[in-house]
Amino acid sequence: IIVLVISLLMAVGILAVVLIVKNIDFEKEALRAREFASLMEDENYDVADVTSQYEAYGIDEAYIAIESDQDYQIEFYELSSDSKAKSMFESNKDYFEDRAGNSKVTTSYSIGNYNIYSLSSNGDYMYLCRVDNTLLYIDVEDEYKDEVKDIVEELGY
């Protein structure tokens with residue numbers, strides 16, 4: 001009977017792993033910067049093209065979507081290469097870590113063609129997602145966390 005229980009537990013464990021792996025996105029589809037701008041305008045954000053401020057850093061296009069009450073903004077960057085986007089992801093992750101207090105909650109993972117990092121600390125919510133040669137950057141007060149998470153999900157980031 002012990003062998004039967006162990007076999008049953010193993011089967012349940014394998015099934016759980018299969019279900020988890022099946023629901024993981026191993027690849028995300030990168031948005032183009034102008035797609036981001038259009039989607040954010042459809043969500044009633046004010047969108048500004050800030051490319052000229054970043055051209056010297058290997059950023060091909062940059063947009064800032066500002067929430068209608070101007071409570072926060074969401075930034076999107078399209079870089080000239082995946083490696084530049086990875087480097088920008090890492091430097092911004094380090095920046096967020098440096099700002100974090102002693103009490104923080106982080107999530108970080110890399111799968112397929114993307115990296116995700118989030119941090120909650122000191123009343124702020126920070127989120128980065130790199131897909132291929134693009135980067136989504138969010139740094140908002142904690143009260144807007146759920147709102148920006150909904151936008152992130154709509155964007156597929």
Taking the side chain as every heavy atom from C-beta outward, state whether Tyr127 and Ile116 have any pair of such atoms under 4.5 Å apart. yes
Rounded distance [0.5 Å steps], CD in Glu78 versus OG1 in Thr51: 9.0 Å
Is Asp124 close to Arg99 at the side-chain level, that is, under 4.5 Å between some pair of heavy atoms? yes
Answer with yes or no whether the hydrophobic clustering places Val47 together with Phe76; edges join I, L, V, M, F, W, Y residues whose side-chain heavy atoms lie under 4.5 Å apart. yes
Heavy-atom nearest pair, Ala65 first then Phe36, reads CB-CZ, 3.9 Å
Less than 3.5 Å apart, any donor N or O on the side chain of Ser110 or Asn115 sitting next to an acceptor on the other? yes
So with a 6.0 Å cut-off around CD of Glu154, is the heavy-atom count from everything else above 12? yes
Nearest heavy atoms of Gly101 and Asn122, plus distance in Å: N-ND2, 3.3 Å
To the nearest 0.5 Å, how far apart are CG in Asp69 and CG in Asp46? 10.0 Å
Are Ile74 and Val140 linked, directly or through other ILVMFWY residues, by side chains that come within less than 4.5 angstrom of each other? yes
Got Tyr117 and Met126 here, is their nearest side-chain heavy-atom distance under 4.5 Å? no
From CD (Glu61) to OG (Ser52), nearest 0.5 Å: 12.0 Å
For Phe96 together with Tyr137, are the ring centres under 6.0 Å from each other? yes
Close side-chain approach of Glu67 to Tyr45, heavy-atom, < 4.5 Å: yes
Which is it for Asp60 and Ser80 under the side-chain contact (heavy atoms from CB on, under 4.5 Å) test, yes or no, and what are the steps along the way? CA-CA 6 Å; Asp60 291 344; Ser80 56; 3.7 Å; yes
I'd like to know whether CZ of Arg32 has more than 12 heavy-atom contacts from other residues, nucleotides or ligands below 6.0 angstrom. yes
For Leu135 and Glu75, what are the C-alpha separation, side-chain angles and deciding distance, and is it a side-chain contact (heavy atoms from CB on, under 4.5 Å)? CA-CA 8 Å; Leu135 181 75; Glu75 302 173 28; over 6 Å; no
Could you see if Leu31 belongs to whatever hydrophobic cluster contains Ile138? Use Ile, Leu, Val, Met, Phe, Trp, Tyr and a side-chain cutoff under 4.5 Å. yes
So do Glu29 and Val131 actually touch side chain to side chain, heavy atoms under 4.5 Å? no
Using 0.5 Å steps for rounding, measure from the CG atom of Leu136 to the OH atom of Tyr63. 15.0 Å
Quick one: closest heavy-atom pair of Lys93 and Ser108, and the distance? NZ-OG, 3.4 Å
Would you say the side-chain atoms of Glu147 and Tyr72 include a donor-acceptor pair closer than 3.5 Å? yes
Would a hydrophobic clustering, with Ile, Leu, Val, Met, Phe, Trp and Tyr connected at side-chain separations under 4.5 Å, put Tyr125 with Leu128? no
Would a hydrophobic clustering, with Ile, Leu, Val, Met, Phe, Trp and Tyr connected at side-chain separations under 4.5 Å, put Val105 with Tyr109? no
Is the shortest side-chain heavy-atom distance between Thr134 and Tyr157 below 4.5 Å? yes
The reported gap from CG in Asp132 to OG in Ser81 (rounded to nearest 0.5 angstrom) is 11.0 Å
To check you understand the geometry: which heavy-atom pair defines the closest contact between Ser103 and Ser121, and what is its length? O-OG, 3.1 Å
Where is the tightest heavy-atom contact between Ser120 and Lys145, given as atom of each residue plus distance? OG-NZ, 3.4 Å
Roughly how far, to the nearest 0.5 Å, is CD of Glu143 from CG of Asp71? 7.0 Å
Heavy-atom pair with the smallest gap, counting every atom of Asp82 and Asn133: OD1-N, 3.2 Å
Carboxylate-amine/guanidinium proximity below 4.0 Å for Lys104 and Glu97: yes
